[in-house]
**Student:** 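What follows is a structure written as structure tokens; I'll ask about it next.
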Protein chains: 2
Amino acid sequence: MENLADSLREKLKDKGYKLTPQRRAILDAIIENQGKHLNTEEIYNVVKEKCPEIGLATVYRTLQLLDDMSMISRLNIDDGCMRYELNTDENEHQHHHLICEVCNDIIEVELDLLGYLEKEIEKKYNFIIKDRKVKFFGVCSKCR
Amino acid sequence: MENLADSLREKLKDKGYKLTPQRRAILDAIIENQGKHLNTEEIYNVVKEKCPEIGLATVYRTLQLLDDMSMISRLNIDDGCMRYELNTDENEHQHHHLICEVCNDIIEVELDLLGYLEKEIEKKYNFIIKDRKVKFFGVCSKCR
DNA sequence: TATATACTTGAAAAGCATTATTATTTGAGA
DNA sequence: TCTCAAATAATAATGCTTTTCAAGTATATA
């Protein structure tokens with residue numbers, strides 16, 4: 001997965017941002033924990049292993065920057081903090097989330113199947129849909 | 001809409017909660033502003049007109065109570081605060097939300113059309129779906 | 001190479017929505 | 001009316017996030 005890290009670093013530099021050790025460490029932490037939907041504090045703790053002197057504010061700042069650049073996405077599970085996930089080419093397309101109310105695991109769903117609903121909404125409500133957030137709450141296969 | 005207020009008051013008393021003037025005022029405020037998706041601060045300001053001595057903490061407490069009793073539902077638009085909507089018999093069934101990125105208006109969508117997607121998810125992921133939150137972001141008819 | 005300029009950072013303070021605490025008040029049944 | 005658990009107002013505390021600011025670092029320019 002070396003190419004992913006490289007391409008993200010390139011993306012940063014292309015936009016005129018400096019690739020500091022802190023930003024590099026935060027990017028690495030997110031890449032290494034892909035699929036885990038870590039929150040800011042958790043990312044901070046991972047990053048501190050390689051970069052012990054980093055400040056929490058830098059993590060918040062960098063996550064905001066990466067979100068603005070669409071390199072990561074926010075995910076709000078209503079658990080009191082913001083979680084993040086990597087935007088890869090594969091999950092660039094819409095995907096939904098299953099949230100297990102028992103173990104709090106977050107599962108990504110590749111199935112989309114919202115096309116018809118969206119077309120109906122755009123027609124009936126004359127509303128231009130640009131983004132969607134779809135979350136299902138319930139019990140996952142491990143907890144049933 | 002007198003019956004709605006009455007039935008909600010009954011519901012409170014049936015569960016052993018006292019019908020205080022504060023709770024009555026908060027219920028009335030939510031009923032009178034049905035469809036507006038007010039946040040806690042906004043509800044507080046409406047309630048203060050009829051009940052000026054009320055404290056903000058009481059509003060938070062009561063909204064939590066009403067949510068626990070499924071008389072209202074939380075709606076998180078990621079705008080930094082929690083919003084609420086009344087659970088009437090009509091909207092008891094699932095409904096989604098359109099959020100206009102221009103005027104920030106929130107439109108309720110009666111169309112459901114999620115049945116097939118949910119069945120596929122339950123089958124493919126062995127996940128029992130108990131609730132869902134679906135939000136579409138874009139531009140509403142008034143702003144296009 | 002020296003220097004000006006803009007960008008980053010860590011630490012600490014501030015912001016903001018929400019929750020907990022506590023002393024006081026109140027609703028509703030005996 | 002009296003009693004007492006429940007509810008309240010005021011305020012402090014909490015937790016996540018953003019801002020401030022002084023200091024450090026990198027990049028461009030002369």
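In what follows, chains carry the letters A, B, and so on, assigned in the order in which the sequence lines appear, proteins first and then strands, with residues in each chain numbered from 1.
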**Student:** Give the rounded distance in Å between these two atoms: OH of Tyr60(A) and P of dT9(C).
**Tutor:**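 These atoms are roughly 16 Å apart.
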**Student:** State whether Gln64(A) places a side-chain N or O below 4.0 Å from either non-bridging phosphate oxygen (OP1 or OP2) of dT17(D).
**Tutor:**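 Looking at the OP1 and OP2 atoms of dT17(D), neither is under 4.0 Å from any side-chain N or O of Gln64(A).
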**Student:** To the nearest Å, how far apart are Asn45(A) CG and dC16(D) P?
**Tutor:**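 The distance from CG of Asn45(A) to P of dC16(D) comes to 12 Å, rounded to the nearest Å.
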**Student:** For residues Leu114(B) and Phe137(B): do they belong to one hydrophobic cluster (side chain heavy atoms under 4.5 Å, members Ile, Leu, Val, Met, Phe, Trp, Tyr)?
**Tutor:** no
**Student:** Taking atom P of dG10(C) as reference, at what distance in whole Å does atom NZ of Lys48(A) sit?
**Tutor:**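 After rounding, the gap between these two atoms is 12 Å.
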**Student:** Applying the salt bridge (charged side-chain N to carboxylate O under 4.0 Å, His left out) test to Glu42(B), which of Lys48(B), Arg83(B), Lys36(B) qualifies?
**Tutor:** Arg83(B)
**Student:** Please list all pairs meeting side-chain hydrogen bond (donor to acceptor under 3.5 Å, both in side chains) that have one or both residues in residues 54-65 of chain B, counting only residues at least two apart or in different chains.
**Tutor:** Thr58(B)-Arg61(B)
**Student:** Atom CD of Glu53(A) and atom P of dG24(D): how far apart are they, to the nearest Å?
**Tutor:** 15 Å
**Student:** Want to settle it: does Ala57(B) or Gly80(B) sit nearer the 5' end of DNA chain C, counting the closest nucleotide to each?
**Tutor:** Gly80(B)
**Student:** Return yes if a side-chain donor-acceptor contact under 3.5 Å exists between Glu108(A) and His37(A), otherwise no.
**Tutor:**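 Yes, His37(A) and Glu108(A) have a side-chain donor paired with an acceptor closer than 3.5 Å.
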**Student:** What is the distance, rounded to the nearest whole Å, between atom CD of Glu41(B) and atom P of dC16(C)?
**Tutor:** 11 Å
**Student:** Test for a donor-acceptor pair under 3.5 Å between the base of dA20(C) and the side chain of Arg61(B), counting only N and O atoms.
**Tutor:** no
**Student:** More than 12 heavy atoms of other residues, nucleotides or ligands under 6.0 Å from OH of Tyr17(A): yes or no?
**Tutor:** no
**Student:** Does OP1 or OP2 of dT8(C) have a side-chain N or O of Thr58(A) closer than 4.0 Å?
**Tutor:** no
**Student:** With a 4.0 Å heavy-atom cut-off, tell me which residues in residues 16-25 of chain B come close to DNA chain D, sorted by residue number.
**Tutor:** Tyr17(B), Lys18(B), Thr20(B), Gln22(B), Arg23(B)
**Student:** Please determine, by modelled atom types, if Ser70(B) and Asn87(B) share a side-chain donor-acceptor pair under 3.5 angstrom.
**Tutor:** no
**Student:** Just how far, in rounded Å, is C1' of dT18(D) from CE of Met82(A)?
**Tutor:** 13 Å
**Student:** Can you tell me how far P of dC16(D) sits from CG of Asp79(B), to the nearest Å?
**Tutor:**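 My rounded result for the distance is 19 Å.
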**Student:** Report the distance from atom CG of Asp78(B) to atom NZ of Lys135(B), rounding to the nearest 0.5 Å.
**Tutor:**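 The CG atom of Asp78(B) sits 5.0 Å away from the NZ atom of Lys135(B).
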**Student:** Could you work out how much the helix from dT1(C)-dA30(D) to dA30(C)-dT1(D) bends, comparing the axis of its first five pairs with that of its last five, to 10°?
**Tutor:** 20°
**Student:** What is the minimum heavy-atom distance between Tyr125(A) and Ser141(B), and which atoms define it?
**Tutor:** O-CB, 3.8 Å
**Student:** Calculate the interatomic distance between Ile43(B) atom CD1 and dA17(C) atom P; express it in whole Å.
**Tutor:**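 In whole Å, dA17(C) P lies 14 Å from Ile43(B) CD1.
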**Student:** Among His95(A), Gln34(A), Arg74(A), which residue meets the side-chain hydrogen bond (donor to acceptor under 3.5 Å, both in side chains) test with Glu85(A)?
**Tutor:** His95(A)
